[in-house]
Structures are given as structure tokens and as C-alpha cells.
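Reading through the C-alpha cells given below for one structure.
The analysis underlying the following values was restricted to heavy atoms, covering all of them including side chains, and did not include hydrogens, waters or symmetry mates.
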Amino acid sequence: MYMVLLGPPGAGKGTQAKLMEERLRVRHVSTGDLLRSAIREGTALGMTAKRFMDRGELVPDELVIDMISARLHDEDCRAGAMLDGFPRTVPQARALEELLGNEGLRLDHVVSLTVPEEELLRRATGRRTCSECGAMCHLVFNPPMRQGLCNRCGGVLFQREDDREQTVRARLEVYEKRTAPLREYYRDRHLLREVDGIGPTDEVLRRILVQLDVCR
Ligand code: AP5
């Protein structure tokens, strides 16, 4: 199964993708995570991407398309992938169709998570990530039991550079301008399923699975 998770920053794409990866045994592929790991490794891609990401802008299409093309050719994506954060522009959506089409494959589902802007801001600015295991928590919705430390492994928590309020606002604007048109693009192709992203995470997961016809 090849599936795309659409949604603005903080909509819960990463949270739901991790839950679905366990449930459906489909590999979670996040372009944001791939780019952040390129930054940590100090690659040429990472250094270029950082300049855009720190400002809340999109990394140029050609760089992201090459990166995702390489990732989708990995063995663990042969049976399917859950794409989180890709595509984000119409040219990226066309490139994905071509990539899959070249292998005789096609996209099966596009799930778009909808969450009001105020809530998106609260979620993104309150998010903290573990520097050791990468687990996410939220200062209010899922707070750390020991201040500044990860509930899962005790590692030190940090705030993503692009989760500061001004950058989150910039990312929301970029989403509206460049990514939101993909809803129309996928609606026209009868692939779009809109899911309310408000509520407990397991309830949001249930709504997605109902849309995918995996549970009732
Ligand atoms: P990326 O890492 O993809 O960021 P994003 O899409 O902006 O999404 P987020 O990670 O902020 O949010 P999310 O929807 O995954 O929510 P999450 O589950 O974490 O991209 C970062 C940057 O990389 C981009 O700005 C761009 O520069 C670049 N980039 C990436 N892909 C690109 C592409 N294809 N083309 C060009 N550039 C690209 O949840 C957020 C918080 O809310 C967490 O704290 C979580 O605990 C909490 N939460 C989740 N669900 C709930 C719930 N139901 N109730 C309460 N709290 C919840």
C-alpha cells in the first residue's frame, strides 16, 4: 500500500504515521525526518536544506524528489510506504505518480488531516523531541514526567528550530499557498479522504482506519 498523509504543520501526521506503521506494517517515510538526519550528518543536502527549513520555507523540489526517489527504491519500501510530508507541491505530486508508475505501482490513499490554526500553533510550539530516541512529547497534551527529559528513554528534550512561533506561522502560510492545493489535486483523482485531526490520538487513528476500510 502506498499512502500519503497530508496536513499542515502540527496536524499530527508524524504521530499518526508512527501508530499506523505499527498497525498496518507499512514503512513510515518522513521527508522532514530524512532532511533532519541529513542535517545531523552534515551532508551537502543537509546543509542546503537547513537554510530553507530554519526559515520555514520548502526545500527545492528537485532535491526532495531525488531524496524520496532513492528512499522508495530501498528494500523496506518495496511492499509499500506511508509518505509523511511528501508531496508538498504539485510538481512533487506529479513526480510521485511517475516514480510509482515506472514500477507499475500507484498511490492507493491520500489522507488529509484537518485541524484549526490555533490548535496547530499550540501543538507545534509545545512539541519537544528527544535528542536520544527521537520520541515526541508535548508540554501540555503529553507532558514529560521529569522536566526536560524523555518519558521513553530519559534523553534530553529539545525544541525543533522551526517550532518557534514565528517560524510555525511562516510554515502555516507556506502550507496554505503551496501544499493546500494538493487537496484539490487528489480530490480530482478520487483519492482524497479528509479526516478530523482533533481528539485523542487513538480516536484520530480510528477515524483514519475507518476511511481506509481497515476497521469499522
Ligand atoms: P516536517 O518535519 O514534515 O514538518 P511538518 O509537515 O511541518 O509537520 P510537523 O512535523 O511539524 O507536524 P506533524 O503533522 O507531523 O505533527 P506531529 O505528529 O509531530 O517538515 C519540516 C520542514 O522540512 C518543512 O518546513 C520544509 O522546510 C522541509 N520539508 C519536509 N518535507 C518537504 C517536502 N516534501 N518538500 C519541501 N520541503 C520539505 O504532532 C505535532 C505535536 O502535536 C506533537 O507535540 C504531538 O505530540 C501533538 N499531537 C499530535 N496529535 C495530537 C492530538 N490528536 N491531540 C493533541 N496533540 C497532538
Side-chain angles (χ1 to χ4, degrees), residues 2-18 20-21 26-103 105 107 124-125 127-137 150 152-153 155-175 177-179 182:
Y2 288 88
M3 174 179 159
V4 164
L5 266 173
L6 274 184
K13 302 181 295 296
T15 302
Q16 293 302 324
K18 286 189 179 78
M20 278 193 284
E21 184 175 46
V26 178
R27 181 60 73 208
H28 169 206
V29 175
S30 153
T31 40
D33 288 349
L34 290 172
L35 291 167
R36 280 184 288 277
S37 92
I39 293 173
R40 274 195 305 276
E41 288 160 14
T43 65
L45 167 65
M47 311 231 273
T48 307
K50 187 172 184 334
R51 294 207 311 270
F52 294 92
M53 291 168 78
D54 285 351
R55 294 197 299 256
E57 291 169 12
L58 294 186
V59 175
D61 285 340
E62 60 278 13
L63 297 181
V64 182
I65 290 167
D66 284 351
M67 179 182 79
I68 208 80
S69 164
R71 184 67 186 92
L72 288 182
H73 282 96
D74 287 341
E75 197 50 43
D76 61 339
C77 292
R78 291 266 162 197
M82 193 160 0
L83 295 167
D84 156 13
F86 184 90
R88 262 179 150 97
T89 62
V90 170
Q92 291 184 19
R94 294 209 178 99
L96 176 62
E97 252 165 38
E98 197 181 318
L99 271 172
L100 294 176
N102 288 344
E103 306 290 326
L105 301 165
L107 194 56
T125 53
R127 171 172 45 195
R128 296 294 180 271
T129 309
C130 175
S131 53
E132 298 290 324
C133 72
M136 272 182 314
C137 67
C150 172
R152 195 206 274 169
C153 76
V156 175
L157 297 172
F158 69 94
Q159 183 177 33
R160 262 170 50 179
E161 202 57 50
D162 61 351
D163 274 347
R164 299 182 198 278
E165 183 169 341
Q166 204 184 346
T167 317
V168 176
R169 287 190 188 278
R171 287 161 61 203
L172 287 170
E173 266 180 43
V174 168
Y175 176 83
K177 211 188 284 171
R178 312 234 3 235
T179 309
L182 286 180

To the nearest 0.5 Å, tell me how far [X] [atom1] sits from [Y] [atom2].
{"X": "H28", "Y": "D76", "atom1": "NE2", "atom2": "CG", "result": "12.5 Å"}
{"X": "L107", "Y": "E97", "atom1": "CG", "atom2": "CD", "result": "8.0 Å"}
{"X": "M3", "Y": "M20", "atom1": "CE", "atom2": "CE", "result": "3.5 Å"}
{"X": "L99", "Y": "I65", "atom1": "CG", "atom2": "CD1", "result": "8.0 Å"}
{"X": "T43", "Y": "E41", "atom1": "OG1", "atom2": "CD", "result": "6.5 Å"}
{"X": "Q16", "Y": "E21", "atom1": "CD", "atom2": "CD", "result": "13.0 Å"}

Backbone of [Y] reached by a side-chain donor or acceptor of [X] within 3.5 Å:
{"X": "R178", "Y": "R88", "result": "no"}
{"X": "T31", "Y": "G85", "result": "yes"}
{"X": "K177", "Y": "L172", "result": "no"}

Show me the side-chain donor-acceptor pairs of residues 45-52 shorter than 3.5 Å, one per line, residues at least two apart or across chains.
unit_1, atom_1, unit_2, atom_2, d
T48, OG1, A44, O, 3.0
K50, NZ, D54, OD2, 2.5

I want to check something: taking the side chain as every heavy atom from C-beta on, are [X] and [Y] in contact at a cut-off of under 4.5 Å?
{"X": "Y2", "Y": "L83", "value": "no"}
{"X": "L96", "Y": "F86", "value": "yes"}
{"X": "M67", "Y": "L63", "value": "no"}
{"X": "C130", "Y": "V156", "value": "no"}
{"X": "L182", "Y": "V90", "value": "yes"}
{"X": "M53", "Y": "V59", "value": "yes"}

Looking only at side chains, do T89 and D61 share a donor and an acceptor under 3.5 Å apart?
->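 Side chains of T89 and D61: pair found under 3.5 Å.
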
Do Q159 and R127 have a side chain donor and acceptor closer than 3.5 Å?
->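 Side-chain D/A pair, Q159 to R127: absent.
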
What is the minimum heavy-atom distance between [X] and [Y], and which atoms define it?
{"X": "T125", "Y": "R128", "value": "O-NH1, 3.1 Å"}
{"X": "L5", "Y": "M82", "value": "CD1-CG, 4.4 Å"}
{"X": "V29", "Y": "I68", "value": "CG1-CD1, 3.8 Å"}
{"X": "C77", "Y": "R71", "value": "SG-NH1, 3.4 Å"}
{"X": "P87", "Y": "L6", "value": "O-CD2, 4.0 Å"}
{"X": "R171", "Y": "P9", "value": "NH2-CB, 3.4 Å"}

Are the charged groups of K18 and D84 less than 4.0 angstrom apart, N to O?
->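 Looking at K18 and D84, the cut-off is not met.
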
Does R169 come within less than 4.0 Å of E165, counting only side-chain N to carboxylate O?
->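 Yes, charged N to carboxylate O under 4.0 Å.
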
Could you list the residues that satisfy side chain to side chain contact (heavy atoms under 4.5 Å, CB included) with E62, not counting sequence neighbours?
->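 Partners of E62 under the side chain to side chain contact (heavy atoms under 4.5 Å, CB included) test: P60.
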
Contacts of type side chain to side chain contact (heavy atoms under 4.5 Å, CB included), residue A135, not counting sequence neighbours |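 Side chain to side chain contact (heavy atoms under 4.5 Å, CB included) list for A135, sorted by chain: C133, C150, R152.
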
Enclosure of E98 CD (heavy-atom neighbours >12, cutoff 6.0 Å) |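 Open.
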
